[in-house]
Amino acid sequence: MAVIRPLVVSATLVSAVFSGTAALADVTADQVWQDWKAYLGTFGYEVAGDEQKAGDTLAISNIAMSVTAPDMPSLVTLRMSRMELIENADGTVSVILPATTPIAMVSDVEPGKTTTATMELAQRALKMTVSGTPEAMQYAYDADEVSLELTGLDIDGDAVEIGEARIAFANMRGTSESIRNADLRDIRQQMAAGPVTYGLDFTDPDAGGHLSLTGSLASASFDGTVSLPSGIDNTDMVASLDAGFRFDSAMTYENASVAYALEDSGDTIEGTSASAGGSLRSVFGPEGLGYQAKGRDLDITVTSSDLPFPVTFGMARSGFDMKMPVAQGEEAQDFALAVELGDFTLSEVIWSLFDPAGQLPRDPATLAFDLTGKGRLFVDLLDPGQMENLADSGDAPGELQSLDLNSMTLRAAGATLTGDGGFVFDNSDLTSFDGIPAPEGAIDLKLIGGNGLLDTLIAMGFVPKDQAMVARMMVGMFAVVGEGEDTLNSRIEVNEQGHVLANGQRLR
């Protein structure tokens with residue numbers, strides 16, 4: 001982690017230069033330069049450079065952008081040899097950057113231990129055109145290629161062996177708009193590139209393990225918005241959220257592939273994965289945190305020195321959707337969690353390990369559920385002081401008020417279980433259910449093909465007949481025969497008296 005964190009901070013600087021969020025824009029070259037410095041100053045960066053104006057060109061040389069990380073005594077510095085801002089006759093500004101930009105960074109990750117990292121940002125045929133007004137700058141850019149490469153890493157005087165650490169964006173193009181309103185700066189970015197390629201060849205200096213990885217995306221696109229209050233404090237996110245900080249970013253990609261190999265103490269793991277495409281989205285603001293990920297047509301193969309055969313599996317659909325509040329409040333707030341592993345398949349080699357006769361159906365399996373609910377937080381989850389007090393006291397961080405199972409599907413080996421329902425919770429009653437807020441509501445379940453699957457497992461010898469009989473008796477207590485062949489229905493209910501019922505019969 002000591003190596004990774006400084007690189008993340010450096011990446012922020014790189015983004016400021018090439019993503020357009022630095023608001024490189026407007027009527028005069030000086031306005032472009034001053035707004036760039038003001039934007040970076042929002043995050044605590046100090047920007048310096050030697051300025052020279054000649055005609056319609058403002059040349060800035062010996063550019064240095066540095067910041068001290070708030071949570072550790074480290075100084076991150078980005079240096080560029082030269083940049084030119086050329087005022088055009090139509091009122092726009094052209095930005096000319098060097099073909100390569102060295103990035104030097106020194107950080108004291110712990111007392112007496114210094115890490116030095118050098119990187120190189122390269123561009124080929126990059127064009128930037130800036131327009132707008134000082135308060136609302138827009139610019140467009142395109143490049144044949146933009147790449148970022150880690151060229152050296154030194155930890156306390158010892159060089160780390162790096163064969164490759166590089167990512168490249170071909171055919172990059174995009175737009176950005178930066179609007180200043182009072183104490184807020186609103187930024188909107190759109191970018192597309194492809195193919196995107198990356199590679200990593202790294203040897204752990206302590207453990208000696210070696211990782212090599214290569215990957216590519218046929219195309220990728222990004223669309224994001226962010227609102228930045230002036231003087232944002234990254235050490236106090238509660239205050240930053242109150243001041244209006246928020247972001248919403250989304251990325252889509254097509255035809256992704258990865259190949260990797262890991263060697264450690266004589267053991268090896270190799271693998272490949274491929275996906276037809278997918279998307280990622282993250283949202284953060286006063287309303288809470290949200291994250292979504294989707295993929296389609298995923299194929300994965302893994303081989304290992306510990307396994308006599310390769311492990312292969314695929315998935316037609318994958319999805320993850322999470323939403324949660326982060327701030328305390330008197331009103332109930334929404335949360336959600338949804339997961340989908342759709343049409344999951346295993347190779348015949350794996351199936352044959354436990355079912356060589358092919359008695360179980362090889363149909364694709366699916367696991368999916370969608371949960372939503374409401375709750376109330378008693379603390380700000382992003383306040384370190386409040387969270388430390390919570391850990392010391394052992395108090396609950398909040399209360400659950402309702403939980404809804406909007407849908408559930410579990411399909412495998414010829415059987416399908418589905419369900420939906422919901423409960424509300426009485427937080428004033430913590431005695432009826434042994435410290436859990438008393439629930440009230442119901443959930444409906446349907447099982448199709450369950451008896452047939454159990455018969456197959458008996459025939460395969462996986463389930464003894466006496467245990468199968470007990471299982472059927474237990475199912476008989478909770479389920480009733482439904483319409484259709486081999487169909488069982490069950491309604492589990494908790495009423496306002498605290499009684500637990502299954503299909504109307506009281507169990508508790």
Side-chain angles (χ1 to χ4, degrees), residues 196-200 209-220 251-264 267-281 291-322 337-371 407-419 447-450 452-454 456-457 459-463:
V196 179
T197 57
Y198 53 93
L200 177 64
H210 178 258
L211 171 67
S212 62
L213 179 148
T214 59
S216 66
L217 307 170
S219 63
M251 187 191 85
T252 61
Y253 61 90
E254 296 293 329
N255 296 324
S257 63
V258 178
Y260 63 89
L262 176 63
E263 299 178 11
D264 187 16
D267 297 326
T268 61
I269 298 177
E270 297 182 4
T272 61
S273 68
S275 171
S279 63
L280 301 170
R281 185 186 179 195
Y291 181 79
Q292 296 176 341
K294 294 181 180 180
R296 65 181 191 276
D297 297 336
L298 178 68
D299 290 303
I300 294 178
T301 299
V302 179
T303 61
S304 170
S305 56
D306 295 329
L307 293 175
F309 54 85
V311 175
T312 62
F313 59 90
M315 204 180 318
R317 302 174 308 281
S318 64
F320 178 83
D321 190 349
M322 182 272 293
L337 178 63
V339 173
E340 181 183 22
L341 304 177
D343 289 345
F344 183 90
T345 59
L346 289 172
S347 67
E348 184 60 32
V349 174
I350 299 177
W351 272 110
S352 63
L353 291 177
F354 54 87
D355 184 23
Q359 294 174 269
L360 291 172
R362 301 310 203 238
D363 300 337
T366 292
L367 168 62
F369 63 85
D370 181 4
L371 289 169
S407 63
M408 179 193 71
T409 300
L410 174 58
R411 181 182 301 114
T416 301
L417 176 65
T418 58
L447 176 62
I448 300 176
L453 175 58
L454 185 57
T456 302
L457 294 176
M460 296 172 63
F462 283 177
V463 179

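- Using a 4.5 Å heavy-atom threshold, the side chains of Val196 and Tyr253 count as separate.
- Across Pro361 and Ala413, no two heavy atoms sit closer than the pair CD-O, 3.6 Å.
- A donor-acceptor distance shorter than 3.5 angstrom exists from the side chain of Thr366 to the backbone of Asp343, with no hydrogens or angles considered.
- The two residues Val349 and Ser352 come nearest to each other via the heavy atoms O-OG, 2.8 Å.
- Two residues are said to be in side-chain contact when any heavy atoms from C-beta on lie closer than 4.5 Å; Leu337 and Phe320 meet this criterion.
- With values rounded to the nearest 0.5 angstrom, Ser257 atom OG is found 11.5 Å from Asp299 atom CG.
- Heavy atoms only, all atoms of each residue included: Glu254 and Ala276 are closest at OE1-O, 3.1 Å.
- Within the model, atoms CZ of Phe313 and CD1 of Ile350 stand 8.5 Å from one another, a figure rounded to the nearest 0.5 Å.
- In this structure a side-chain-to-backbone donor-acceptor pair under 3.5 Å is present from Ser275 to Arg296.
- One finds the CG atom of Asp264 at 10.0 Å from the OG atom of Ser305 (value rounded to the nearest 0.5 Å).
- Shown are Thr268, Leu211, Ile269; of these, the side-chain contact (heavy atoms from CB on, under 4.5 Å) with Glu263 is made only by Thr268.
- A donor-acceptor pair shorter than 3.5 Å cannot be found between the side chains of Thr252 and Ser279.
- In this structure, the separation between CG on Leu341 and CZ on Phe369 is 9.0 Å, given to the nearest 0.5 Å.
- The closest donor-acceptor contact from the side chain of Asp355 to the backbone of Leu360 lies under 3.5 Å.
- Of all heavy-atom pairs spanning Gly449 and Ala415, the tightest one is O-CB, 3.7 Å.
- Rounded to the nearest 0.5 angstrom, Asp297 CG and Met315 CE are separated by 11.0 Å.
- Screening Leu213, Thr272, Leu217 against Val258 for a side-chain contact (heavy atoms from CB on, under 4.5 Å) leaves a single residue, Leu213.
- Distance CG/Asp321 to NZ/Lys294: 7.5 Å, rounded to 0.5 Å.
- Across all their heavy atoms, Ala412 and Ala365 have their closest contact at CB-CB, 4.0 Å.
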Working for side-chain contact (heavy atoms from CB on, under 4.5 Å), residues Tyr260 and Val302:
CA-CA 10 Å; Tyr260 63 89; Val302 179; 3.7 Å; yes
